[in-house]
Engineer: 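First the structure, then my questions, so here it is.
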Number of protein chains: 2
Amino acid sequence: MFELDFRSRKAIYLQLVDKLKQLIIKDVLKDDEKLPSVRELAHQLTINPNTIQKAYRELESQGYIYSVKGKGSFVHPSKKLENVEELKKVREQLKKLLAEAIYLGMTAEEIESLINEVEGGEKYD
Amino acid sequence: MFELDFRSRKAIYLQLVDKLKQLIIKDVLKDDEKLPSVRELAHQLTINPNTIQKAYRELESQGYIYSVKGKGSFVHPSKKLENVEELKKVREQLKKLLAEAIYLGMTAEEIESLINEVEGGEKYD
DNA sequence: TATCTGTATTAACATGTGTAGTACAGTATT
DNA sequence: AATACTGTACTACACATGTTAATACAGATA
């Protein structure tokens with residue numbers, strides 16, 4: 001499903017959160033699609049189930065997935081604009097990052113072409 | 001100079017890196033301006049000098065400041081486009097964040113107005 | 001010389017991350 | 001009812017990272 005960097009200083013469960021979020025955003029994982037079970041994904045990635053659960057819990061708290069005891073974890077349908085807190089956080093992060101990008105020399109045109117590239121979300125890297 | 005959140009899960013030295021980077025980007029700290037000394041800033045913020053040094057070291061490795069033994073630490077003049085590695089990192093981060101923002105409901109127009117807001121860097125929050 | 005600067009090293013402690021094992025509760029299948 | 005799957009919770013341990021503390025050294029400055 002994806003690869004992890006065990007040498008990275010970034011925590012494994014946060015790498016997982018990031019990767020899964022990307023898959024959801026890019027619509028590789030569809031609305032209400034079932035994610036691998038905690039134990040199954042742990043086995044696939046040869047890491048501990050607790051670590052998977054930690055990532056799933058984080059994704060759930062951010063509104064990207066929902067979990068049902070006994071059934072599994074699923075992609076939360078993206079009724080846009082519903083997750084207001086996340087949106088506020090992302091807007092602040094974006095503001096900072098845009099300022100940094102411009103400081104480092106990116107032009108507004110470059111950034112706008114990045115937006116176009118990303119818009120629609122049908123790019124799978 | 002600024003405030004820190006000691007309850008935050010984010011490391012203090014990383015908060016420092018972030019805050020100082022913002023001040024440099026927004027031109028509050030001018031080219032070659034002297035930063036507070038390691039010990040002085042540590043005293044002001046009532047944290048350990050080692051933590052300040054760790055932040056300064058990180059900022060230096062990212063090209064935002066330079067340090068001279070016996071003299072102090074100073075803002076690195078921002079010859080734009082020179083720090084290619086940082087720019088690449090920021091571009092990748094930006095791409096991810098833009099995708100996330102759009103997923104959460106932000107429009108291209110909103111993002112472009114954010115760019116205009118940030119461009120020039122004369123906003124001090 | 002005295003005092004400022006950055007830098008380095010060591011030890012101690014707290015916190016966060018990851019693993020391991022176990023357990024419980026809800027769901028589905030047979 | 002039995003079995004096997006699901007998420008969830010908990011304890012314990014090991015390890016890495018973050019932070020403090022104390023000390024020391026070297027370069028700059030007055």
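Computed from a prediction, not measured in an experiment: that's the story for all the values here. All chains are named by letter (A, B, ...) in the order of the sequence lines, taking the proteins before the strands, and each is independently numbered beginning at 1.
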Engineer: Given atom NZ of B/Lys10 and atom P of D/dT19, what is their separation to the nearest angstrom?
Structural biologist: 12 Å
Engineer: Tell me whether the OP1 or OP2 atom of C/dT17 has a side-chain N or O from A/Tyr13 closer than 4.0 Å.
Structural biologist: yes
Engineer: Would you give a per-nucleotide map of nucleotides 3-15 of chain C, 5' to 3', where B means the base has a protein non-hydrogen atom under 4.0 Å away, S means only the sugar-phosphate does, and - means neither?
Structural biologist: --BBB-B------
Engineer: Salt bridge between B/Arg91 and A/Glu110, side-chain N to carboxylate O under 4.0 Å?
Structural biologist: yes
Engineer: Knowing that exactly one of B/Leu41, B/Leu29, B/Ile52 qualifies, which makes a side chain to side chain contact (heavy atoms under 4.5 Å, CB included) with B/Leu35?
Structural biologist: B/Leu29
Engineer: Rounded to the nearest angstrom, tell me the gap between atom CZ in B/Phe6 and atom C1' in D/dT19.
Structural biologist: 11 Å
Engineer: Taking the side chain from A/Glu100 and the backbone from A/Leu97, do they hold a donor-acceptor pair closer than 3.5 Å?
Structural biologist: no
Engineer: Atom CG of B/Asp5 to atom P of D/dG18: distance rounded to whole Å?
Structural biologist: 17 Å
Engineer: Determine whether the side chains of B/Asn48 and B/Tyr13 contain a donor N or O and an acceptor N or O closer than 3.5 Å.
Structural biologist: no
Engineer: Expressed as a whole number of angstroms, how long is the span from A/Asn48:CG to D/dT11:C1'?
Structural biologist: 13 Å
Engineer: Between C1' on D/dG18 and CD on B/Glu58, what's the gap in Å once rounded to a whole number?
Structural biologist: 14 Å
Engineer: Given the rule that I, L, V, M, F, W and Y join up when any side-chain heavy atoms are under 4.5 Å apart, are B/Leu45 and B/Ile12 in one cluster?
Structural biologist: yes
Engineer: Mind calculating the distance between CZ (A/Phe74) and P (D/dT6) to the nearest angstrom?
Structural biologist: 11 Å
Engineer: Hydrophobic clustering (ILVMFWY, side-chain heavy atoms < 4.5 Å, transitive) - are A/Val17 and A/Tyr66 grouped together?
Structural biologist: no
Engineer: Taking atom C1' of D/dT19 as reference, at what distance in whole Å does atom CD of B/Gln15 sit?
Structural biologist: 13 Å
Engineer: Write down the distance between CD1 (B/Ile12) and C1' (C/dG16), rounded to a whole number of angstrom.
Structural biologist: 15 Å
